[in-house]
Amino acid sequence: MLGCPCGWFFRVALAAAALLRPEQRARLLVARSAPRARSQAPGSLKCFLGSLKMEMTEMTGVSLKRGSVAVEDNDSVAPGEAKRQKVSECCPTKGQDGLENNSLPSSEKVPGPPKTAREGKKSSDPQLEEEEEEEEDGLSEEGEEEEEAESFANMMKHGLTELDVGITKFVSSHQGFSGILKERYSDFVVHEIGKDGRISHLSDLSVPVDEEDPSEDVFTVLTAEEKQRLEELQLFKNKETSVAIEVIEDTKEKRTVIHQAIKSLFPGLETKTEDREGKKYIVAYHAAGKKALANPRKHSWPKSRGSYCHFVLYKENKDTMDAINLLSKYLRVKPNIFSYMGTKDKRAITVQEIAVLKITAQRLAHLNKCLMNFKLGNFSYQKNPLKLGELQGNHFTVVLRNITGTDDQVEQAMNSLKEIGFINYYGMQRFGTTAVPTYQVGRAILQNSWAEVMDLILKPRSGAEKGYLVKCREEWAKTKDPAAALRKLPVKRCVEGQLLRGLSKYGLKNIVSAFGIIPRNNRLMYIHSYQSYVWNNMVSKRIEEYGLSPVPGDLVLKGAAAACIEEDDVNNYSIHDVVMPLPGFDVIYPQHKISEAYREMLTADNLDIDNMRHKIRDYSLSGAYRKIIIRPQNVSWEVVTYDDPKIPLFNTDVDNLEGKPPPVFASAEGRYRALKMDFSLPPSTYATMAIREVLKMDTSIKNQTQLNTTWLR
């Protein structure tokens, strides 16, 4: 077998199969043992791996592409935390996956703000910009399958563990047990909790009655060719200054519908009626230049109606930024007219409130006919947009499949979560999934070691990487030529591509400016990762040193400011009141041994705890405070048994809208057992850390992979 040219395909496939359900694994083993399969050439086996990949889209919590069990980072500061710096606790990223995908793996696509609204410096090279705009992945499905299989095999060997990022302690004494997180993305459902404290649900698909809404005809009155010409005009993709549409049936009603259709479907275009050689034409043109696209005309919106349409967005297996980019594409508007209170995870079903500027509910509801795995509803017109950080938190419904704990163990674990809570660690997704953790890049930025920043991002590395990234890194290591390395990248919006574009523009002697091309939020994510790394380690030391009771010198919040607990005041506080600082120039530190531990850790990293201001203002850290123990709210749970591993174990909002009956579970003798748990968390907390406390299990990719492999033996 090992001598066979196709042997490595089987070895990789079998490694991947460790994460499959038993019946899926059986198919692979049959294929392996068949003489016909052994004699196949590697090329035809790729087809088999392709079907394996499709099977694995609903597998365990470790995914071939992301390799993550990331859950949401509720990406704004909780009411109990004093926010010293606008972005100090707000770093939506793609972990999560999770709530939000919440670290910045350097080899993955940059999530960040929409490209049209990004704050990074633009290249002066039109060709580079055009390449970024029009880029394609450049890989065939066959090639992707091969590389993802290789990446998965590598992922088995590399990556961080919880110990590497300071996650070492538990607060409860119950015995742990195993379970599989996110075997299906539908096992993880997130509902946003709005600023009014209400949980967002998709419960109504109807459109508010508004006499000034255009009729349904606006979606059908224009031909596909006319829509294409209007879109090109709207987006300034040609030299035309106007588009004329002949009115075949010349009636006032028909002309009105065409006027409405153009203004509704193509914001920024104005219309007028003209006579040309005895025929009526409606002429569309730009009324306000290029700004009109992002800022629809004020006079086209009824004054009696709020400027923003708020709606509830239900989405499956899609993160918030990707969802908004898709909505903006279908609506033919720029993504920056959308606003929201928090970003949500990809590998999950998520429900959140979105606001959009001057797009009608009718037009939004029409998307329900066009998009799969999306639903828009609960429409209302409001005066104001939404802002990041306004949410109170998120409500989670999570299923852990194939649990090994007894009913008593589950009861003890869940009661502990409800009564004591969990350590408010930053989850693994905060630190990246590749062999170069994001906190290392953040530390180099704070040290002003820009050559190291460049090296950490671009150097060859072990672990899960797509083939073109490997080639790009190899080219960089060999030539140190940013243009040559960039040519190896079909996907140029990744961090590597953006940095290489910057180096091509500014040269190797101006790494600071080159790095500045990366969108600001994503640059700051690196230094926030370092802050999180320090915080995790210091909290573990605090709990090891003083346990789970407040002690003199601990910090508590009084309003927005922190104060030390005096000895005669200790009994007035509980461990749930204690906070710890993220390092910065505008925080105070505990007045006990942990203060010196902060100083020692930063000194070892060549940083001055007394001077956290950076030469570049963006990278100056003011710091913030974060509670060390979080107690979830609205905690409930049940253990269910089932026979079919493919069935969903609870209804979603869409299931309820469609009147689907709730699932019927097997008797107590069912083949599988699952723990279904519900709980609410404040912003900037990680649901993975709550689940870790229940299972007493390392949530890192490395450990999850080993756990799933062991379970299947």
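Sequence positions, counted from 1, serve as the residue numbers for this chain. Every heavy atom of this structure was used, including side-chain atoms; hydrogens, water molecules and symmetry mates were not.
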| said: Quick test of your reading: applying salt bridge (Lys or Arg N to Asp or Glu O under 4.0 Å), list the pairs with at least one residue in residues 391-406, sequence neighbours left out, ordered by first then second residue. | reply: Asp187-Arg401
| Which pairs count as salt bridge (Lys or Arg N to Asp or Glu O under 4.0 Å) when at least one residue sits in residues 410-419, sequence neighbours excluded? | none
Donor-acceptor side-chain pairing of [X] and [Y] below 3.5 angstrom:
X	Y	result
Ser680	Asn634	yes
Ser172	Glu693	yes
Asn402	Arg673	no
Asp204	Ser206	yes
Ser529	Arg430	no

Backbone N/O of [Y] and side chain of [X]: donor-acceptor pair under 3.5 Å:
X	Y	value
Gln440	Pro437	no
Asp678	Ser636	no
Gln392	Lys195	yes
His395	Leu681	no
Asp643	Arg671	yes
Glu390	Lys387	yes

Just wondering, do [Y] and [X] contact through their side chains at under 4.5 Å, heavy atoms?
X	Y	value
Leu364	Phe379	yes
Trp535	Met580	yes
Met341	Leu388	no
Asp698	Thr161	yes
Met321	Tyr340	yes
Leu181	Val398	yes
Glu192	Glu353	yes
Ile628	Asn424	no

Tell me every residue that passes side chain to side chain contact (heavy atoms under 4.5 Å, CB included) with [X], counting only those two or more places apart in sequence or in another chain.
X	value
Leu657	Leu202, Leu205
Lys169	Ile423, Tyr425, Ser540, Ile543, Glu544
Phe650	Val189, Thr397, Val399, Lys676
Leu371	Leu326, Leu327, Tyr330, Leu367, Phe374

Of the non-hydrogen atoms in [X] and [Y], which two are nearest, and what is the gap between them?
X	Y	answer
Leu417	Met677	CD2-CE, 4.1 Å
Gly166	Asn537	CA-OD1, 3.5 Å
Cys494	Leu469	SG-CD2, 4.5 Å
Asp655	Asn651	OD2-CA, 3.6 Å
Tyr686	Tyr426	CE1-CD2, 3.7 Å
Leu386	Ser339	N-OG, 3.0 Å

Could you tell me the separation between the [atom1] atom of [X] and the [atom2] atom of [Y], rounded to the nearest 0.5 Å?
X	Y	atom1	atom2	value
Met428	Asn536	CE	CG	9.5 Å
Ile527	Thr438	CD1	OG1	12.0 Å
Thr688	Leu695	OG1	CG	11.5 Å
Gln633	Ile193	CD	CD1	9.0 Å
Glu638	Met414	CD	CE	11.0 Å
His366	Leu331	NE2	CG	10.0 Å

Could I get the full list of side chain to side chain donor-acceptor pair (under 3.5 Å) partners for [X], not counting sequence neighbours?
X	value
Lys315	Thr350, Gln352
Ser328	none
Asp653	His191, His201

Partners meeting ring pair (Phe, Tyr, Trp, His ring centres under 6.0 Å) with [X] (sequence neighbours left out):
X	value
Tyr314	none
Tyr533	Tyr439
His174	none

| Trace of the side-chain contact (heavy atoms from CB on, under 4.5 Å) decision for Ile180 with Leu400 | CA-CA 5 Å; Ile180 298 180; Leu400 302 175; over 6 Å; no
| query | Below 4.0 angstrom, N of the basic side chain to O of the carboxylate: do Lys344 and Asp322 qualify? | reply | no
| field | Lys/Arg-Asp/Glu bridge criterion (N-O < 4.0 Å) met for Asp644, Lys646 | value | no
| Does the side-chain contact (heavy atoms from CB on, under 4.5 Å) test come out yes or no for Thr168 and Leu163, once each step is laid out? | CA-CA 6 Å; Thr168 60; Leu163 181 63; 3.6 Å; yes
| request: Applying side-chain contact (heavy atoms from CB on, under 4.5 Å), run through Ile349 and Asn317 and close with a yes or a no. | output: CA-CA 6 Å; Ile349 292 175; Asn317 207 28; over 6 Å; no
| query | Which is it for Tyr526 and Leu524 under the side-chain contact (heavy atoms from CB on, under 4.5 Å) test, yes or no, and what are the steps along the way? | reply | CA-CA 5 Å; Tyr526 287 117; Leu524 295 181; over 6 Å; no
